[in-house]
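A short worksheet on the structure shown next.
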Amino acid sequence: TSSGSVSTYSYGQCVLNFTGFGTLFGASEGTILGYINRQEWNKAAQTMVKFLGKQAVKGGAVGLAASLAAGGAWCATPWA
């Protein structure tokens, strides 16, 4: 990518790392990274909750979607 832009892989990985799920899902979860890269936070969260189980995610899919969106905002900055 050009200077100052974020590659698709690094953006999705940054968001997963921001939420603490980077090593758990990582690059092998193409569907989840796809949702994140398209900023489809609810779909990404629902897929992650299905994988982890509802009890494993504090705040459920809604809380996770909010965390993903916050991570997405952070990862879109030059400081990420």
Side-chain angles (χ1 to χ4, degrees):
T1 61
S2 63
S3 178
S5 66
V6 179
S7 73
T8 301
Y9 170 77
S10 63
Y11 176 77
Q13 194 62 47
C14 177
V15 173
L16 286 175
N17 290 342
F18 181 90
T19 59
F21 290 107
T23 56
L24 181 61
F25 290 104
S28 64
E29 294 298 324
T31 301
I32 293 168
L33 282 175
Y35 289 144
I36 289 170
N37 290 326
R38 291 186 302 274
Q39 299 181 3
E40 295 178 18
W41 311 122
N42 289 332
K43 288 182 181 180
Q46 290 169 358
T47 303
M48 292 168 77
V49 168
K50 284 180 188 176
F51 180 80
L52 295 169
K54 291 179 183 177
Q55 302 303 318
V57 181
K58 189 174 182 178
V62 173
L64 182 54
S67 294
L68 291 169
W74 168 253
C75 293
T77 68
W79 305 285

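Predicted model only: the values in this text are computed from it and were never measured.
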| said: Going by side chain to side chain contact (heavy atoms under 4.5 Å, CB included), name the residues that satisfy it together with T19, two or more places apart in sequence or in a different chain. | reply: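 Listed in chain order: F21, S67, L68.
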
| Under the side chain to side chain contact (heavy atoms under 4.5 Å, CB included) test, which residues partner A69, sequence neighbours left out? |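 Once residues adjacent in sequence are excluded, the partners of A69 under the side chain to side chain contact (heavy atoms under 4.5 Å, CB included) criterion are W41.
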
| task | Evaluate the criterion side chain to side chain contact (heavy atoms under 4.5 Å, CB included) for residue pair E40 and T47; output intermediate values, then yes/no. | result | CA-CA 11 Å; E40 295 178 18; T47 303; over 6 Å; no

What pair of heavy atoms forms the shortest contact from [X] to [Y], and how long is it?
X: A61; Y: Q46; answer: CB-CG, 4.3 Å
X: G12; Y: L33; answer: C-CD2, 3.4 Å
X: I36; Y: A44; answer: CG1-CB, 4.0 Å
X: N42; Y: A65; answer: OD1-CB, 3.2 Å

| said: Taking transitive links into account, so neighbours of neighbours count too, which hydrophobic residues share a cluster with F18 at under 4.5 Å side-chain distance? | reply: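 Once heavy-atom contacts under 4.5 Å are chained together, F18 belongs with W74, W79.
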
| message | If hydrophobic residues (ILVMFWY) are linked whenever their side-chain heavy atoms come closer than 4.5 Å, directly or via other members, who joins V62 in its cluster? | response |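 Members other than V62 - counting any ILVMFWY side chain reachable under 4.5 Å - there are none.
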
| task | Could you tell me whether the side chain of Y11 reaches within less than 4.5 Å of the side chain of Q39, counting heavy atoms only? | result |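 Of all side-chain heavy-atom pairs linking Y11 with Q39, at least one is under 4.5 Å.
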
| said: Starting from I32, can I reach L64 by hopping between I/L/V/M/F/W/Y residues whose side chains sit under 4.5 Å apart? | reply: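 Yes, L64 and I32 fall within the same hydrophobic cluster.
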
